[in-house]
Amino acid sequence: MNYWLMKSEPDCFGLHHLMAKPKHTEHWDGVRNYQARNFLRAMKKGDLAFFYHSSCAEPGVAGIVKIASNAYPDHTAWNPEGEHFDPKSSPENPIWYMVDVKLEREFKHPITLTAIKSHPALKNMKLVQRGNRLSVLPLTAKEWNTILKMEVARDALIK
DNA sequence: GCCAACGTTGGC
DNA sequence: GCCAACGTTGGC
């Protein structure tokens with residue numbers, strides 16, 4: 001079991017868009033960065049990932065998704081009309097990959113980037129390191145559990 | 001909208 | 001292989 005963090009802009013495809021899909025499942029397409037692609041290919045069906053909202057008013061972890069498939073070729077790279085077209089990729093020689101994700105649950109209260117940055121146990125997270133721009137990145141089990149505990153603690157605080 | 005950080009491209 | 005130019009990401 002591995003843990004991941006996947007970024008998306010909520011205006012484009014947020015957690016609620018995923019919730020609206022049949023079976024709360026959708027493919028995670030459009031990754032066009034080799035390092036992020038390699039992480040996608042390292043994913044195994046059954047892994048868990050945080051759904052992270054980026055480039056919005058309050059960036060942070062919005063919920064949890066389960067990786068619902070192993071990686072397979074991203075066919076959106078083959079559509080010349082599509083936003084994510086890449087002429088270098090073909091069905092015979094796919095460059096880009098995607099996985100299916102299924103929404104597990106939405107956090108009652110998102111864990112904001114500010115909260116993540118201020119937590120001492122998370123200072124080595126890839127997310128908060130200098131110049132990080134990867135849209136898919138791995139988490140340690142410790143980082144995963146720390147964020148889960150932050151959600152519980154925040155919930156208790158508000159009650 | 002600004003800008004820092006990074007990846008990619010292409011000339012040499 | 002080097003590196004300048006350019007495009008993109010994403011927080012602020």
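Below, chain A is the first sequence line, B the second, and so on; all start at residue 1. What you see is a predicted model, and the numbers here were worked out from it, not measured in a lab.
In this structure, Met1(A) is a member of the same hydrophobic cluster as Ile67(A), with clusters built from ILVMFWY side-chain heavy atoms closer than 4.5 Å.
Contact footprint of chain A on DNA chain C: nucleotides with an atom under 4.0 Å from a non-hydrogen protein atom, first to last in 5' to 3' order, dG7(C) to dC12(C).
Within residues 110-125 of chain A, the residues that place at least one heavy atom under 4.0 Å from DNA chain C are, in residue-number order, Leu113(A), Lys117(A).
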Kindly list each side-chain donor-acceptor pair under 3.5 angstrom involving residues 137-145 of chain A, sequence neighbours excluded, with atom names and distances?
from: Thr140(A); atom 1: OG1; to: Glu143(A); atom 2: N; distance (Å): 3.0
from: Thr140(A); atom 1: OG1; to: Glu143(A); atom 2: OE1; distance (Å): 3.4
from: Glu143(A); atom 1: OE1; to: Thr140(A); atom 2: N; distance (Å): 2.9
from: Asn145(A); atom 1: ND2; to: Ala141(A); atom 2: O; distance (Å): 3.1

Side chains of residues 95-104 of chain A: which donor-acceptor pairs under 3.5 Å do they make with residues two or more places apart or in other chains?
from: Trp96(A); atom 1: NE1; to: Asp86(A); atom 2: OD2; distance (Å): 2.7
from: Asp100(A); atom 1: OD1; to: Tyr72(A); atom 2: OH; distance (Å): 2.5
from: Lys102(A); atom 1: NZ; to: Lys23(A); atom 2: O; distance (Å): 3.2

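Using modelled atom types and a 3.5 Å distance limit, the side chains of Trp78(A) and Ser90(A) yield no donor-acceptor pair.
Partners of Arg37(A) under the salt bridge (charged side-chain N to carboxylate O under 4.0 Å, His left out) rule, at least two apart in sequence or in another chain, do not exist in this structure. In this view, Arg41(A) satisfies the salt bridge (charged side-chain N to carboxylate O under 4.0 Å, His left out) rule with no residue, not counting sequence neighbours.
The closest side-chain heavy-atom distance from Leu113(A) to Val128(A) is below 4.5 Å.
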